[in-house]
2 protein chains.
Amino acid sequence: MDALAAIAEPTRRRIVDALRLRACTVTELVSMLGMSQPAVSKHLRVLREAGVVTAQTRAQQRVYRLEPGPFRELDAWLAPYRRMWTHHLAELERHLDRTTTLEES
Amino acid sequence: MDALAAIAEPTRRRIVDALRLRACTVTELVSMLGMSQPAVSKHLRVLREAGVVTAQTRAQQRVYRLEPGPFRELDAWLAPYRRMWTHHLAELERHLDRTTTLEES
DNA sequence: GGCCCTCATGCCTTGACGGTTATATAACTC
DNA sequence: GAGTTATATAACCGTCAAGGCATGAGGGCC
């Protein structure tokens, strides 16, 4: 899960948060972030190689959109930690442990 | 949510994963990680200032344990992204549309 | 072909970070 | 008190990454 390191970077998290709403071209992201275009392209490269985003070439533009995989992994990693705030019932704890080890839902 | 950047670091994620099972002292973590004690203390400082862990002084030792807050925040941040894989049909459609995607360097 | 637009890449600088060793601080033991 | 244990901090170093500018590579448009 190196995607976490990719998402952790503040600028890249801004990109990800923007792409969550809709797919964007590079120039759109540049205007959103107020940074130079090469910097944005570099961040997009990191996100792309981490599997967080994919690019679709359309004319001269490249439309970037999110890929669900890394977010699913992050969600799976986070699952056992949910015990910390759902520990109201010991029953529920064991239930969550089972469901996370079995992987499903 | 700078806690994400704190957790993203590989060594700190090992620490967090260890603390998820049970609270540990610094020396315990040092033996687990096979790193120098100052390095571990430094990582613990980062995690502490990010609110991910708290330290309880007990004699000369300091027992570190996880704090649920940041994980709840991360869970909340991740929530809107869950739509990406709960809407399988729309995702599959977009995937099929993406067959002409140009990937890689 | 020539030009412009869109994006990627290379090069460079700077600042931050992870790791080390050495040292300081605090508390227990004798 | 001295000595030991447990942890934090300081000082230092090597590496890496984020940002800038300049340039290269494709793909429309005239």
Side-chain angles (χ1 to χ4, degrees), chain A residues 1-19 22-67 70, chain B residues 1-19 22-67 70 98-105:
Chain A
M1 190 200 304
D2 204 358
L4 214 173
I7 298 175
E9 209 278 331
T11 302
R12 285 195 288 268
R13 208 155 58 214
R14 291 179 62 192
I15 294 178
V16 168
D17 284 331
L19 291 181
R22 71 160 211 274
C24 295
T25 66
V26 178
T27 38
E28 283 175 337
L29 291 171
V30 168
S31 62
M32 290 180 191
L33 301 173
M35 276 188 351
S36 69
Q37 174 265 315
V40 175
S41 284
K42 211 175 161 189
H43 282 298
L44 287 172
R45 179 197 179 99
V46 175
L47 291 172
R48 204 188 329 134
E49 293 179 343
V52 178
V53 303
T54 51
Q56 175 188 2
T57 302
R58 190 177 63 185
Q60 311 112 328
Q61 306 178 347
R62 307 211 177 167
V63 181
Y64 279 84
R65 50 172 49 100
L66 290 185
E67 207 64 24
Chain B
M1 191 204 305
D2 206 358
L4 213 173
I7 296 175
E9 209 279 331
T11 302
R12 285 195 287 267
R13 208 157 58 216
R14 291 178 61 193
I15 294 178
V16 168
D17 284 331
L19 291 181
R22 72 160 209 275
C24 294
T25 66
V26 178
T27 39
E28 284 174 339
L29 291 170
V30 167
S31 62
M32 289 179 191
L33 300 173
M35 277 187 353
S36 69
Q37 173 264 315
V40 175
S41 283
K42 216 173 156 187
H43 282 299
L44 287 172
R45 179 195 178 99
V46 174
L47 290 172
R48 204 187 329 131
E49 292 180 343
V52 178
V53 303
T54 52
Q56 175 189 0
T57 302
R58 191 177 62 186
Q60 311 110 329
Q61 306 178 350
R62 306 211 177 167
V63 181
Y64 279 85
R65 50 173 46 97
L66 291 184
E67 208 64 23
R98 244 190 335 271
T99 50
T100 58
T101 297
L102 185 63
E103 178 66 26
E104 192 77 23
S105 60

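Just so it is clear: chains get the letters A, B, ... in the order the sequence lines come, proteins before strands, and each one is counted from 1.
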Reckon B:Arg12 touches a base, only the sugar-phosphate, or nothing at all at heavy-atom distances under 4.0 Å?
sugar-phosphate
Indicate, with a heavy-atom threshold strictly under 4.0 Å, whether A:Gln37 touches base, sugar-phosphate, or nothing.
base
Does a side-chain N or O from [X] land closer than 4.0 Å to OP1 or OP2 of [N], or not?
| X | N | value |
| --- | --- | --- |
| A:Ser36 | D:dG19 | no |
| A:Arg45 | C:dT9 | yes |
| A:Thr11 | D:dG19 | yes |
| A:Thr27 | C:dC7 | yes |
| A:Tyr64 | C:dT6 | no |
| B:His43 | C:dG19 | yes |

Less than 4.5 Å apart, side chain to side chain, heavy atoms only: is that true for [X] and [Y]?
| X | Y | value |
| --- | --- | --- |
| B:Arg65 | B:Thr54 | yes |
| A:Met35 | A:His43 | yes |
| A:Ser41 | A:Arg45 | no |
| A:Leu47 | A:Leu66 | no |

Could you say whether B:Pro38 or B:Gln60 is positioned toward the 5' end of DNA chain D, judged by the nucleotide with the nearest heavy atom to each?
B:Gln60
Taking [atom1] from [X] and [atom2] from [N], how many angstroms apart are they, rounded to a whole number?
| X | N | atom1 | atom2 | result |
| --- | --- | --- | --- | --- |
| B:Lys42 | C:dT21 | NZ | C1' | 12 Å |
| A:Leu47 | D:dA17 | CG | C1' | 14 Å |
| A:Gln56 | D:dG26 | CD | C1' | 17 Å |
| B:Arg58 | C:dC28 | CZ | P | 12 Å |
| A:Arg62 | D:dG28 | CZ | P | 12 Å |
| A:Gln61 | C:dC4 | CD | P | 19 Å |
| B:Met35 | C:dC17 | CE | C1' | 13 Å |
| A:Asp2 | D:dA17 | CG | C1' | 13 Å |

Among the nucleotides [options], which one has an atom lying closest to any side-chain atom of [X]?
| X | options | value |
| --- | --- | --- |
| A:Ala39 | C:dG19, D:dG20, D:dG28 | D:dG20 |
| A:Glu9 | C:dA8, D:dA6, D:dG19 | D:dG19 |
| A:Ser41 | C:dA8, C:dG18, D:dT7 | C:dA8 |
| A:Val26 | C:dA8, C:dG19, C:dC28 | C:dA8 |

Can you see which heavy atom on A:Cys24 is nearest to which on A:Met32, and at what distance?
SG-CE, 3.7 Å
Step-by-step side chain to side chain contact (heavy atoms under 4.5 Å, CB included) determination, B:Val40 to B:Gln37:
CA-CA 5 Å; B:Val40 175; B:Gln37 173 264 315; 5.7 Å; no
